[in-house]
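Data first, discussion second: the structure below is written as structure tokens.
Everything numeric in this text was worked out from a predicted model, so none of it was measured. Note on naming: letters A, B, ... go to the chains in the order of the sequence lines (proteins, then strands), and numbering restarts at 1 for each one.
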There are 2 protein chains.
Amino acid sequence: MDTNRYTESRFWMERAMKVIPGGVYGHLGPVEGSMIPPSAFPFFSSRAKGAYLWDVDGNRFIDYMCAYGPNILGYGDEEVDAAAQAQAKLEDCVSFPSFKMVEFAELLVDQIDSADWAFFAKNGGDVTSLALMVARAATGRKKAIMVKQGYHGAAPWTKQAGNPGIIAEDVANNLFVDWNNYEQLEQLVAQYTGQIACFMASPYSQGNFIDNVLPAPDYWSKVRELCTKHGIVLIVDDVRCGFRLDPAGSDHYYGFSADLICFCKALANGYNVSALCGTDALKAVASSIFYTGSYWMSAVPFAAAIATQQKLKAIKATEQFFGLGKKLTEGLVQAAHGHGLHLKVSGELPMWYMRITDDESQMLHQEWIAACVQRGVFFTNHHNHFLNAALTEEDITFTLEVADDAFRAVRKLHPQMV
Amino acid sequence: MDTNRYTESRFWMERAMKVIPGGVYGHLGPVEGSMIPPSAFPFFSSRAKGAYLWDVDGNRFIDYMCAYGPNILGYGDEEVDAAAQAQAKLEDCVSFPSFKMVEFAELLVDQIDSADWAFFAKNGGDVTSLALMVARAATGRKKAIMVKQGYHGAAPWTKQAGNPGIIAEDVANNLFVDWNNYEQLEQLVAQYTGQIACFMASPYSQGNFIDNVLPAPDYWSKVRELCTKHGIVLIVDDVRCGFRLDPAGSDHYYGFSADLICFCKALANGYNVSALCGTDALKAVASSIFYTGSYWMSAVPFAAAIATQQKLKAIKATEQFFGLGKKLTEGLVQAAHGHGLHLKVSGELPMWYMRITDDESQMLHQEWIAACVQRGVFFTNHHNHFLNAALTEEDITFTLEVADDAFRAVRKLHPQMV
């Protein structure tokens with residue numbers, strides 16, 4: 001197979017480095033471990049449609065990162081974009097909110113199993129931060145328990161002391177437990193009796209650089225019981241999983257009920273909105289917190305979100321994701337096997353994590369990912385992937401052909417390695 | 001003059017109260033003091049165009065809040081919307097950034113006097129928080145000096161201990177000075193030698209409930225000198241003033257140069273983007289901080305921002321704002337005088353603050369504002385207002401007629417008051 005050239009991406013990166021710190025920052029930058037080696041990856045995009053993304057050199061990719069989550073129906077979904085454009089002709093960001101905000105809140109309260117209300121913001125981190133504030137205000141307690149290797153945004157309190165710009169006070173009240181270790185959580189709650197405001201976690205463990213881990217069968221029901229018993233606010237960070245596992249929320253999917261649940265990413269197929277949903281018991285507290293931003297009540301993302309959620313339900317998107325995910329990951333494992341390699345798939349299928357296990361250094365895995373990218377399948381190295389509803393059986397077939405050719409290529413480079 | 005009815009607004013508010021904490025939250029809500037008495041104000045909007053905003057009852061308003069800043073060219077500006085829609089047809093939020101991000105960074109670096117680089121986010125608060133982190137990382141110091149009654153967003157560190165959800169650690173390193181009091185600042189710097197990371201302030205004092213105050217003639221030059229001498233990062237929060245005083249930044253307008261400058265609101269005429277700009281000396285530090293969000297590199301707001309900035313320059317918008325602001329505020333003062341009242345105008349004319357000074361309780365002022373709103377001119381009580389480039393001389397004339405009739409109405413209610 002032919003491999004991509006990235007001449008224009010390099011040209012734009014040179015320009016970017018002059019005027020943007022790091023050129024491209026954050027999780028979309030080439031420096032975070034998920035786009036290594038940088039030589040294999042494009043840096044700047046020019047257009048996207050459905051399951052495909054084109055870079056500035058004109059290379060086409062089947063995009064399994066889906067903007068790290070937001071692309072759930074396919075890029076440029078025509079129904080969502082039509083709803084957004086119709087709203088844009090009326091109004092977007094004005095001096096008091098559109099009634100569309102109320103309609104979207106009503107939709108979420110109806111759809112999300114644990115939700116009695118919704119509050120809208122812009123970043124996933126806006127609503128994880130609000131959830132923490134609500135929990136502290138509701139309990140009068142300071143401490144938050146989180147899972148090691150969890151991710152709840154990029155605000156100072158989500159980081160580690162010693163990270164650039166982070167001071168000890170930012171993280172003084174954070175406590176951590178291992179994922180799925182209920183006894184550890186119970187012990188921490190006993191150790192800090194009456195001091196724990198909340199337990200915040202993703203529905204399952206989606207750490208980077210490590211296999212993803214589903215909840216143990218009784219984990220969430222025991223956590224729910226413990227939190228209720230001790231008046232601890234149970235916060236589910238559903239920013240990454242939301243709407244890929246269950247339209248009613250990932251707590252519903254795993255058979256429990258959160259006190260607060262955070263959504264973003266797939267809420268509006270890429271239109272800019274996030275949401276905190278919660279129970280009636282926390283509604284008055286939530287309304288006591290002054291929290292807002294200039295664009296938080298813009299109408300276009302609400303219209304897009306309504307259209308997105310309606311379409312996801314109409315096409316039974318989550319069923320599609322599990323079906324496509326099964327076919328794709330089984331095919332990838334089989335392709336690896338054909339070249340004497342072992343690909344381990346973990347996490348839920350709509351957002352699977354994968355890793356070649358034959359090489360502890362993960363170098364072989366990185367080379368294989370690079371070879372896929374160079375052949376038009378956009379994977380990254382150490383982060384879970386995402387499926388979208390525009391993917392076809394043909395796309396899966398093409399992906400498996402690319403994966404096979406990429407395995408062949410890395411095998412040729414390392415005939416003795418495994 | 002006829003006065004508005006808000007039947008539909010009340011209907012939607014009843015629905016909102018069921019599913020949204022407080023119905024409408026934050027600065028756009030009816031509970032913040034700027035929309036008192038609530039009976040005089042609409043709550044939900046249906047459409048907007050140019051200088052006008054229509055509520056769900058079909059009442060039309062000349063909107064002097066301009067979405068609290070974002071509306072700078074007029075709602076639904078055709079050139080900006082065309083640029084946004086053309087970009088939306090190509091791509092918006094995808095897995096790696098569009099080259100539009102680089103083009104917009106180049107534009108800002110060229111346009112903003114103190115900028116060597118730009119970093120993009122979504123909220124004004126995203127970039128004031130990043131500025132604080134950059135300052136701490138660059139200096140290895142913790143403390144931030146701010147101005148009493150300043151506003152830098154709604155993140156925990158911007159608030160007061162004791163506010164719902166805010167803990168002592170969130171604000172442990174905040175120090176405050178009075179606006180324009182250089183000696184106090186100098187004293188604080190001496191008291192905390194080697195501990196001050198930054199001084200963060202708006203270009204002038206825009207507190208709510210108080211007259212706005214411009215910088216004393218030598219204030220900023222002395223502050224700049226003090227910060228340089230002590231290695232303190234000088235951060236200008238230009239979220240509110242940005243692009244209404246000077247396209248090159250409000251530090252440029254007042255004749256000094258910030259180390260870091262924060263933009264949001266008027267950057268893209270309501271499209272969702274914010275920016276931190278800074279000097280080369282802080283570029284490497286900025287790139288060392290992991291900071292990002294799901295939609296932070298979406299292309300549509302960059303395309304809209306480029307179109308917005310180009311048009312603002314082409315039409316010399318800031319000159320328009322000062323001219324319109326002079327005519328409008330002089331007319332309002334004169335109208336008050338005609339009814340034996342005194343209206344005090346403060347702050348810069350493109351975003352003037354006003355207050356009837358005849359009544360210390362501000363009740364008379366609130367009644368007058370309410371009477372204006374009920375007659376189709378959307379002012380609020382205790383917050384500065386904003387001008388946009390779609391306002392015409394006829395709009396100003398209509399506004400002055402409404403203001404006059406509103407003064408007459410409140411005078412009739414309180415014949416003995418003044």
Looking at residues at least two apart in the chain, or sitting in another chain, which of them share a salt bridge (Lys or Arg N to Asp or Glu O under 4.0 Å) with A:Lys159? none
Taken in chain and number order and not counting sequence neighbours, the residues that satisfy side-chain contact (heavy atoms from CB on, under 4.5 Å) with A:Glu106 are A:Val102, B:Arg15, B:Val19
Looking at A:Ala137, A:Pro42, A:Pro164, which has the largest count of heavy-atom pairs under 4.5 Å with chain B? A:Pro164
Please determine, among A:Ser274, A:Pro97, A:Ala154, A:Gly293, the option with the most heavy-atom pairs under 4.5 Å with chain B. A:Pro97
Select, from B:Ile167, B:Val109, B:Val56, the one with the greatest count of heavy-atom pairs under 4.5 Å involving chain A. B:Ile167
For residues 123-134 of chain B, the side chain to side chain donor-acceptor pair (under 3.5 Å) pairs (sequence neighbours left out) are A:Asn123-B:Asp126, A:Asp126-B:Asn123, A:Trp296-B:Asn123, B:Asn123-B:Asp126, B:Ser129-B:Trp157
Region of B:Pro70 that comes under 4.5 Å of a non-hydrogen atom in chain A: side chain
Side chain, backbone, both or neither: which part of B:Asp170 has a heavy atom under 4.5 Å from chain A? side chain
Would you check if the side chain of A:Asp57 reaches a backbone N or O of A:Ser9 as a donor-acceptor pair within less than 3.5 Å? yes
When only pairs under 4.5 Å are counted, which of A:Tyr68, A:Phe378, A:Phe44, A:Phe41 shares the most heavy-atom pairs with chain B? A:Phe44
Where does B:Cys66 contact chain A at under 4.5 Å (heavy atoms): side chain, backbone, both or neither? backbone
Exam field: side chain A:Arg136 to backbone A:Lys142, donor-acceptor pair closer than 3.5 Å: yes
Need one label for B:Asn163: side chain, backbone, both or neither, based on atoms under 4.5 Å from any heavy atom in chain A. neither
What parts of residues 282-290 of chain B touch chain A if we use heavy atoms and a cut-off under 4.5 Å? B:Lys283, B:Ala286, B:Ser287, B:Ser288, B:Ile289, B:Phe290
Most contact-rich option vs chain B, by heavy-atom pairs under 4.5 angstrom, among A:Pro301, A:Cys264, A:Ser298, is A:Cys264
Counting only N and O atoms by type, is there a donor-acceptor contact under 3.5 Å from the side chain of A:Ser45 to the main-chain atoms of A:Trp54? no
Greatest number of non-hydrogen atom pairs under 4.5 angstrom with chain B, of A:Asp63, A:Ile166, A:Asp81, A:Asp92, falls to A:Asp63
Quick one: closest heavy-atom pair of B:Tyr291 and B:Phe119, and the distance? O-CZ, 3.4 Å
Sort B:Asp280 into side chain, backbone, both or neither according to what part of it lies under 4.5 angstrom from a heavy atom of chain A. neither
So which residue, B:Leu90, B:Leu28, B:Asn272, B:Thr292, ends up with the most heavy-atom pairs under 4.5 Å with chain A? B:Asn272
B:Met297 CE to B:Met101 CE distance, which is reported to the nearest 0.5 Å: 5.0 Å
Between the side chains of B:Asn269 and B:Tyr75, does any donor sit under 3.5 Å from an acceptor? no
Is the closest side-chain donor-acceptor distance between B:Glu169 and A:Asn173 under 3.5 Å? yes
Side chain of A:Thr158, backbone of A:Gly153: donor and acceptor closer than 3.5 Å? yes
Does one side chain, of B:His383 or B:Ser34, offer a donor that lies under 3.5 Å from an acceptor on the other? no
Pick from A:Ala172, A:Ala84, A:Gly165 with the largest number of heavy-atom pairs that fall under 4.5 Å of chain B: A:Gly165
I'd like to verify something: which residue of B:Ala16, B:Ala118, B:Gly124 has the highest number of heavy-atom pairs under 4.5 Å with chain A? B:Ala118
Heavy-atom pairs under 4.5 Å with chain A - which of B:Phe96, B:Tyr271, B:Trp117 has more of them than the others? B:Phe96
For B:Val94, is it the side chain, the backbone, both or neither that has a heavy atom under 4.5 Å from a heavy atom of chain A? both
Applying salt bridge (Lys or Arg N to Asp or Glu O under 4.0 Å), run through A:Lys49 and B:Glu91 and close with a yes or a no. CA-CA 8 Å; A:Lys49 185 69 189 171; B:Glu91 63 174 3; over 6 Å; no
Can you tell me which portion of B:Asn71 sits under 4.5 Å from chain A's heavy atoms? Options are side chain, backbone, both or neither. neither
Between A:Leu108 and A:Phe120, is a side chain to side chain contact (heavy atoms under 4.5 Å, CB included) present by the stated rule, with each step listed? CA-CA 11 Å; A:Leu108 278 190; A:Phe120 303 113; 3.8 Å; yes
The reported gap from OG1 in A:Thr380 to NE2 in A:His27 (rounded to nearest 0.5 angstrom) is 10.5 Å
Sort out for me which of B:Lys89, B:Lys122, B:Gln85, B:Met13 touches chain A most, counting heavy-atom pairs under 4.5 Å. B:Lys122
B:Ile20 versus chain A, heavy atoms under 4.5 Å apart: side chain, backbone, both or neither? both
